[in-house]
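Below is one structure; the comments refer to it alone.
A note on names: the letters A, B, ... follow the listed sequences, proteins ahead of strands, and every chain is numbered from 1.
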There are 2 protein chains.
Amino acid sequence: MDETSTTLAYNFVREGILSGRFQAGAHLRETELATALGSSRTPIREALRLLDAEGLVEITPHRGARVCSWSHDEIRETYALRLLLEGEAARRAAALIKSDALSQLSLFATEMKQALQSGSPDRFATVAELNNRFHRVIHQSSGDSLLSSTLSSIIMASMVKNTFSIYTAVELSRSMNHHQELITALEHRDGDWAEAVMRCHIQAARWVTKPRPLELSLNVHQEVQLSPHTTTPSFPSEGNQIPRRGGSQ
Amino acid sequence: MDETSTTLAYNFVREGILSGRFQAGAHLRETELATALGSSRTPIREALRLLDAEGLVEITPHRGARVCSWSHDEIRETYALRLLLEGEAARRAAALIKSDALSQLSLFATEMKQALQSGSPDRFATVAELNNRFHRVIHQSSGDSLLSSTLSSIIMASMVKNTFSIYTAVELSRSMNHHQELITALEHRDGDWAEAVMRCHIQAARWVTKPRPLELSLNVHQEVQLSPHTTTPSFPSEGNQIPRRGGSQ
DNA sequence: ACTCGCCCCATTGCACACAATCATCTAGGA
DNA sequence: TCCTAGATGATTGTGTGCAATGGGGCGAGT
C-alpha cells in the first residue's frame, strides 16, 4: 500500500519472525537489518518500535531489540483471553454478519479442507493463513472495531507458535468441523450457538499447544476425516440440519 | 525510571493529551514539540510512534500526528469491552488477591471519599487518578498479565473523556459505594460477587458519559451521601454485612 | 583457581542535514 | 465566476555522523 522504507522494514522483520527465520530470543541488530534492506538505521528503528508496541519484539534501552519468546503461561493467558473475546465476537457477528462475509467464510473453510487433502508440503502454512482470515472475517463482522483490533493484537502470540503441523488428524478434522458448525450457527443468526462453538474451537486449540508425546503429532494426518459438508450450502441455509443448540456460557 | 529523551517526549505528549492541553484533533508538529522540549526531532518521532501504537494519536504518512478523538460509538465499544474484561479480572482477583493489595484498595477508596469531601478545586483529577490506581490493582491481582496489559491499553480512551466532574452527586456516591462493595466481595473471595459488582460499576459509568441535560451534571455534588463505611474494616473482614449475592452474568 | 576491576569495542541514542511529499495560494483560461 | 494547473512553503521521511552506554575479555590481586 504505502511503500515507505519504514513499512518495508516492518513487513520484513515481521515476516521473518512469523515465519520463524528470526528465532525467539534472537538479537535484531539495527545495522544488520539496515544493510540487509539497503536502507539506513532510521526506518529500521521505527519498525522495531512498532513491533515492540505490537509485542513481537522487546526493546530494552541501550541493548536493542530481541524477538519475544512466550512462556507456556503466557500462551495460556492468550487462549484464555481469546476464549472470552472471540466468543463475544462470534455472538455479535451472528446478529450482524453480511451475506458476502458468510460466503467468504464458506470459501475459506472449503479451501482449508482442500489444502489439507492436497498433501502439498506447505499446506500447513496455507491452512494457518486461511484460518487467520476466517477468524478475522468473524471479528470484523462483530461490528465492534475495538474488539476486532484488540483481538488482532492478542492473536499475534498464538500465531507464532500455532503452525497446525502439530495437529493430529483427529484434531485437524475437529477444527475443520468447528468451522463448518460456526458457519451454520451464523447462518441461523444464532448468537448463543455461535459463541458456544467458538469457545469449543478455541478451547480445543488450546489443548493442542500443550506439550505431549511426539508420536501423536507427527505426520499422522494423511487421512483427514471430514463431516459430509464438502459442498458448502448457498447462503440462506436451507436448514438441512438443526443440531442441538449450545446454551450460553 | 529511564531518563532518555524519547521517554521524556513520550511522557510530555501523553501528559499533554490526558490533561487536555492538546485537544482532540490537534496537529502535533514534530519541530514544534522538539523545540518545546529542547531536543531534536528524532526522539519526538519515536515517542509519537509509541503513542500511535497506544491509540492516543493517529499518524498518517506525510501528514503527521493528530490527537485521536473518539466518537460516541467508540466510547461505547470501550465500555463494552471493559464490561467483559474488568468483570473477568475482578472474578480472578477474588481468588488470588493478596492482603496488601486489599489494604491498598481500602486506602484508595478512603482517599477518594476524602478528596471528594475536601472540596478542593482539583478533587476530580485526584479522584480520577486514585480511581485508575484502584482498578489497576485489581487488574494486576487477576494474575493474568496479558489481561492486565490489555485493559491498560483499552482504558486509555475512557480516561481522556471521563473526568468525574460530570458526575452528579448520586452517581459519585454510587461509584464510591461500588468500590466499597467490591472490596468486601474480594475480601470474601467471592468471584461471582466481585464480577457482578464490577459489571455494575462499569455499566453505571457508561451511562454517565452519555449526553444529557446540563443541569444534572454541574456542581450539584457538594453533599455526597455515602454508606456508613467511612472507617474501612481491617483485612480479614469480620463479615459485618453479607448482602445479597449477585449471580454471574 | 577464583574473583574483582578496568578497558575496549560493539551497539544504540540523538542531532542535524537533505530529499520527498503534501497543502495552500495564486494565476490563467474557459 | 469557477475550475484547474503550477509554484511555493511547510512538514515529514531518510541518511549520516558523533556521543553515550553496556557487555565481554583480559589482567591483577587475593
Legend entry - Exercise: identify the closest heavy-atom pair between G87(A) and M198(A): N-CG, 3.9 Å
Legend entry - Closest contact, heavy atoms only, A194(B) versus L186(B): CB-CD2, 4.0 Å
Inset, instruction - Sugar-phosphate means primed atoms, P, OP1 and OP2; the rest is base. With that split, encode nucleotides 15-23 of chain C 5' to 3' as B, S or - using protein heavy atoms under 4.0 Å. - result: BBB---SSS
Inset, instruction - Could you go through the side chain to side chain donor-acceptor pair (under 3.5 Å) check for S103(A) and S106(A) one step at a time? - result: CA-CA 5 Å; S103(A) 25; S106(A) 290; over 6 Å; no
Legend entry - Electrostatic pair R76(B)-D73(B), nearest N-O below 4.0 angstrom: yes
Legend entry - NZ/NE/NH1/NH2 to OD/OE distance under 4.0 Å, E86(B) and R199(B): no
Inset, instruction - To the nearest Å, give me how far apart CD (E46(A)) and C1' (dG13(C)) are. - result: 14 Å
Inset, instruction - At the 4.0 Å heavy-atom cut-off to chain B, mark where contacts on DNA chain D begin and end, going 5' to 3'. - result: dT11(D) to dT14(D)
Legend entry - Under-4.0 Å salt bridge between R66(A) and E58(A): no
Inset, instruction - For R66(A), answer base if it contacts any base atom (sugar-phosphate contacts may also be present), sugar-phosphate if it contacts only those atoms, and nothing otherwise; contact means non-hydrogen atoms under 4.0 Å. - result: nothing
Legend entry - Closest non-hydrogen atom pair between V127(A) and A115(A), with its separation: CG2-CB, 4.2 Å
Legend entry - Salt bridge R21(B)-E15(B), side-chain N to carboxylate O under 4.0 Å: no
Inset, instruction - Mind calculating the distance between CD1 (I44(A)) and P (dT11(C)) to the nearest angstrom? - result: 15 Å
Inset, instruction - Mind checking L28(A) for me? I need base, sugar-phosphate or nothing, with any heavy atom below 4.0 Å counting as a touch. - result: sugar-phosphate
